[in-house]
Student: 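The structure follows.
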Amino acid sequence: MSHRSFPGRRSVLRGSLAASAALTLPTALGSAPAFALSGRPRAGWGVQTGDVTRDSGLVWARSDRPARMIVETSATESFRNPRRWQGPLLGADTDFTGTTRLRGLPSGEQIHYRVLLADPDDPRRTGEPVTGTFRTASARRRDGVRFVWSGDLAGQGWGINPDFGGYRIYNAMAALDPDFFLCSGDNIYADGPISASVALPDGNTWRNITTEEKSKVAETLAEFRGNFRYNLLDDNLKRFNAQVPSIIQWDDHEVTNNWYPGEILADSRYTQKNVDVLASRARQAFSEYFPISTLRRPDGRVYRVINHGPLLDVFVLDMRTYRNANSTDDQATDAQGILGAEQLRWLKSELSRSRAVWKVIASDMPLGLVVPDTGDGKPNIEAVAQGDPGAPLGRELQIAELLRFIKHRRITGTVWLTADVHYTSAQHYQPSQAAFTDFEPFWEFVSGPLNAGAFPANTLDNTFGPDRVFIKAPTTANVSPAGGYQFFGEVDIDGDSGELTVRLRESDGTVLFTQVLQPGRVGQ
């Protein structure tokens with residue numbers, strides 16, 4: 001498989017990040033550096049980039065006090081003759097976070113950048129620069145594309161454990177030198193408090209780093225913000241963020257388990273029962289802590305398409321914000337579904353317009369796996385499939401409409417990637433064995449968790465004819481990261497042949513399953 005190589009990338013990071021390691025630790029974890037005590041702003045939560053295209057990208061940082069964000073970019077790590085970008089003022093209204101958009105970048109090139117935080121009253125007083133690097137998407141097909149994906153971070157009470165090495169899965173993903181990382185949702189567990197220790201089945205103890213905001217379920221804006229800051233206490237994640245751009249989507253745990261618009265919680269842990277209020281606060285914190293191109297729009301939407309050169313478009317779905325209420329999901333008509341009517345129209349339009357060889361549909365929930373929602377004691381459905389193997393019902397009607405559209409518009413190269421269920425698997429959907437047959441075969445690949453409890457496999461629903469080709473899952477619920485079953489996936493698109501190879505990997509990078517797909521086929 002051909003893929004362009006940038007041999008200096010990790011050596012750059014080893015030098016620049018290691019040199020500033022003491023500067024990128026929050027004060028709560030150690031004594032403050034001397035320059036911070038002098039009153040200069042400090043970017044102690046690292047840097048990250050997101051939604052990178054052929055000529056643009058977003059750079060994120062957080063300050064420990066009011067500051068002006070400045071970004072400098074260069075073609076080399078020496079930063080000779082850098083290009084300077086004036087960013088926003090970082091203040092309390094955004095929890096001292098900010099994003100600077102870089103435009104007019106060269107395609108297919110390694111971009112070195114550094115973030116400077118300047119005193120708003122004295123621009124000459126700047127904090128220690130924090131450096132990072134990323135590749136812009138290539139306009140040349142022959143360069144190929146490689147990316148990784150997963151989801152589900154710090155769930156079920158399994159947080160940052162220094163004895164375990166923290167979120168060490170990020171080191172294995174970085175070792176593949178991907179062009180970007182797709183996070184398929186559950187970036188935080190706002191509904192999952194983190195305690196100092198958890199007893200393991202083998203008699204050992206799992207020990208977590210703890211913070212005040214992670215001691216209870218998140219309800220206030222400050223508590224949601226604290227959930228995002230918690231993950232940035234992990235050095236593995238901060239190094240990864242400085243090296244690999246992200247494409248971020250959300251699912252339920254950014255707000256609370258299995259939420260839907262209009263829901264009133266029965267959970268006794270919450271004093272604020274109105275999910276719409278919680279979701280509004282969560283969305284604000286989400287928009288502050290990730291560089292996402294659409295969140296600053298008036299509609300603040302998460303769904304979007306990222307054009308990554310001639311080989312790949314990534315269609316990022318939001319199966320949370322526009323869904324109808326969780327129910328038995330067996331209604332004969334359902335115009336709203338799990339995407340909402342407007343998002344479905346957008347997706348159809350963008351798929352029709354796409355000229356990329358491959359169209360990855362980043363879905364925060366699986367299609368043919370039955371995901372129940374029994375939180376209120378009722379047999380409700382959380383995802384799409386409801387366990388009835390017959391003709392489409394409920395939310396399946398909307399997915400059937402989309403699959404029919406892909407077939408009749410002869411849209412080629414669609415591949416579905418997801419997480420959510422806390423194990424890894426590969427499903428091939430085939431009309432020859434489905435109740436609904438008006439679609440072309442396609443693949444759905446599941447990965448995750450990154451660092452959360454692992455769970456047994458969900459049952460399949462035969463409406464769309466899924467054949468489970470591969471699976472690795474535990475037989476007991478909520479297996480800790482120490483017990484294994486932490487996963488990520490890799491997608492490698494060859495620039496010469498156009499072949500797309502999916503590899504499902506364990507947390508140390510071990511390949512469990514490989515599937516090679518050929519370009520130019522309707523569906524896939």
Student: Sort out for me which residue in Thr99, Asp95, Asn227 forms a side-chain hydrogen bond (donor to acceptor under 3.5 Å, both in side chains) with Tyr289.
Tutor: Asp95

Student: Using the ring of Phe79 (Phe, Tyr or Trp, six-membered ring only), decide whether Arg114 places NZ or CZ under 6.0 Å from its centre and within 45 degrees of its axis.
Tutor: yes

Student: Go through the side-chain N and O atoms of Glu499 and Gln518 and say whether any donor and acceptor fall under 3.5 Å apart.
Tutor: yes

Student: Return yes if a side-chain donor-acceptor contact under 3.5 Å exists between Asp235 and Tyr167, otherwise no.
Tutor: no

Student: Any donor-acceptor pair under 3.5 Å linking the side-chain atoms of Trp60 with those of Thr49?
Tutor: no

Student: Mark yes when over 12 heavy atoms from residues, nucleotides or ligands other than Gln86 sit less than 6.0 Å from its CD; otherwise mark no.
Tutor: yes

Student: Is the cationic atom of Arg168 (NZ for Lys, CZ for Arg) positioned less than 6.0 Å from the six-membered ring centroid of Phe164 and within 45 degrees of its normal?
Tutor: yes

Student: Take Tyr303 and Tyr322 through the ring pair (Phe, Tyr, Trp, His ring centres under 6.0 Å) test and state the conclusion after the steps.
Tutor: CA-CA 11 Å; Tyr303 69 86; Tyr322 311 99; 5.7 Å; yes

Student: Heavy-atom count around Arg141 CZ within 6.0 Å, excluding the residue itself: above 12?
Tutor: yes

Student: Distance alone, cut at 3.5 Å: any donor-acceptor contact between the side chains of Glu254 and Asn187?
Tutor: yes

Student: Take the angle between the ring planes of Trp346 and Phe315 and call it parallel below 30°, perpendicular above 60°, tilted in between.
Tutor: perpendicular

Student: Restricting to pairs with a member in residues 79-89, which pass salt bridge (Lys or Arg N to Asp or Glu O under 4.0 Å), not counting sequence neighbours?
Tutor: Glu72-Arg84

